[in-house]
Participant: 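A single structure is presented below for examination.
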Amino acid sequence: MSESIQETQQQIIEDFALFDDWMDRYRYLIDLGRSLPPYPDALRTDDWRVKGCINRAWLHGEARDGRIHYQASSESEIVAGLIALLLKVYSGRTAQEIVDTPPDFLDRIGVWENITSNRVNGLNGMIALIRNVARAELKAA
């Protein structure tokens, strides 16, 4: 990756600043979610199901070449968009980078106060899964 994890977060903040209101930001999130690559049916298991998410969502992480690569899917377009943001920041990073970098960009773009409490639970579940995969990889190393 040529861009640092901080630069990626900053780019997301700048992208969201282009929109005047949350309806436009929701549309942008939906577009991002639609751009996720297809998620393998074989990974649609309880092991990779996002805890706390009302809509069914899955997030799988796998270490390759010293980096963790994530793939994910959701039945909800907004959740898929939130997943796309997280993957943009965390997928392809080292386990240490992932563990050391909280998703501060979510605060800066106002996500937490503009999604339902159920989506907050699901988003926290996604973040936990991303971080748990990275922590497990650090322990294994």
Side-chain angles (χ1 to χ4, degrees), residues 1-140:
M1 299 203 112
S2 57
E3 205 172 66
S4 76
I5 200 166
Q6 290 77 18
E7 289 169 332
T8 300
Q9 289 192 62
Q10 186 57 42
Q11 185 59 57
I12 291 169
I13 292 163
E14 290 170 15
D15 290 347
F16 271 76
L18 298 173
F19 303 105
D20 293 329
D21 65 40
W22 263 92
M23 288 315 296
D24 290 336
R25 290 176 181 173
Y26 285 132
R27 281 191 278 278
Y28 179 62
L29 275 175
I30 289 168
D31 287 344
L32 287 174
R34 288 180 178 153
S35 72
L36 285 173
Y39 188 79
D41 285 339
L43 295 176
R44 291 179 191 268
T45 66
D46 284 344
D47 289 343
W48 297 108
R49 181 128 180 231
V50 176
K51 310 291 184 264
C53 210
I54 292 279
N55 300 94
R56 292 190 315 163
W58 299 268
L59 194 147
H60 176 261
E62 177 179 38
R64 289 192 311 271
D65 304 321
R67 297 185 177 275
I68 299 177
H69 301 273
Y70 296 95
Q71 50 190 333
S73 178
S74 173
E75 294 174 343
S76 159
E77 292 182 314
I78 300 253
V79 173
L82 293 170
I83 287 171
L85 288 178
L86 291 172
L87 297 190
K88 194 176 212 172
V89 171
Y90 293 110
S91 192
R93 306 287 180 184
T94 66
Q96 195 65 58
E97 281 179 295
I98 294 164
V99 169
D100 289 347
T101 308
D104 295 337
F105 71 99
L106 295 171
D107 291 321
R108 304 254 322 266
I109 63 175
V111 163
W112 298 111
E113 52 275 357
N114 286 288
I115 59 175
T116 64
S117 59
N118 289 332
R119 288 207 173 106
V120 166
N121 292 338
L123 187 53
N124 280 322
M126 287 178 239
I127 294 165
L129 196 50
I130 287 169
R131 296 173 76 81
N132 288 343
V133 168
R135 282 190 200 102
E137 187 57 30
L138 284 174
K139 276 186 187 162

Participant: Where do D20 and D24 come nearest, in terms of heavy atoms and distance?
Facilitator: N-OD2, 4.4 Å
Participant: On a heavy-atom basis, which atom in V50 and which in G125 lie closest, and how many Å separate them?
Facilitator: CG1-C, 3.7 Å
Participant: State the CD-CG distance between E77 and D31, to the nearest 0.5 angstrom.
Facilitator: 9.0 Å
Participant: Tell me the closest heavy-atom pair linking L129 and L59, and the distance in Å.
Facilitator: CD2-O, 3.3 Å
Participant: List the atom of V79, the atom of A57, and the distance in Å for their closest heavy-atom pair.
Facilitator: CG1-CB, 4.3 Å
Participant: How many angstroms lie between CH2 in W22 and CZ in F16, if you round to the nearest 0.5 Å?
Facilitator: 5.5 Å
Participant: Given I109 and L85, is the side-chain contact (heavy atoms from CB on, under 4.5 Å) satisfied, shown in steps?
Facilitator: CA-CA 11 Å; I109 63 175; L85 288 178; 4.1 Å; yes
Participant: If I compare all heavy atoms of Y39 with all of H60, which pair ends up nearest, and what's the gap?
Facilitator: OH-CB, 3.5 Å
Participant: Looking at R93 and V89, would you say the former's side chain and the latter's main chain have a donor-acceptor pair under 3.5 Å?
Facilitator: yes
Participant: Find the distance between OG (S76) and CD1 (I30) and round it off to the nearest 0.5 Å.
Facilitator: 8.0 Å
Participant: For the backbone of F105 and the side chain of Q9, can you confirm whether one donor and one acceptor N or O come within less than 3.5 Å of each other?
Facilitator: yes
Participant: Restricting to pairs with a member in residues 46-58, which pass side-chain hydrogen bond (donor to acceptor under 3.5 Å, both in side chains), not counting sequence neighbours?
Facilitator: R56-E75
Participant: Can you find a pair of side-chain heavy atoms, one from I12 and one from K88, that are under 4.5 Å apart?
Facilitator: yes
Participant: Is the shortest side-chain heavy-atom distance between I130 and I127 below 4.5 Å?
Facilitator: no
Participant: Show your working on side-chain contact (heavy atoms from CB on, under 4.5 Å) between L86 and L123 and close with a plain yes or no.
Facilitator: CA-CA 9 Å; L86 291 172; L123 187 53; 3.7 Å; yes
Participant: To the nearest 0.5 Å, how far apart are OH in Y90 and CD1 in I68?
Facilitator: 12.0 Å
Participant: Where do V99 and A134 come nearest, in terms of heavy atoms and distance?
Facilitator: CG2-CB, 3.8 Å
Participant: Is the backbone of I83 close enough, under 3.5 Å, to the side chain of Y70 for a donor and an acceptor to pair up by distance?
Facilitator: no
Participant: Which distance, rounded to the nearest 0.5 Å, do you find between the CZ of R108 and the CD1 of I13?
Facilitator: 3.5 Å
Participant: Spell out, as yes or no, whether a donor-acceptor pair under 3.5 Å connects the side chain of R64 to the backbone of H69.
Facilitator: no
Participant: Using 0.5 Å steps for rounding, measure from the CG atom of D100 to the CZ atom of R131.
Facilitator: 8.5 Å
Participant: Apply the test side-chain contact (heavy atoms from CB on, under 4.5 Å) to residues T101 and Q6: give CA-CA distance (whole Å), side-chain angles for both, the deciding distance (0.1 Å), then the verdict.
Facilitator: CA-CA 8 Å; T101 308; Q6 290 77 18; 4.2 Å; yes
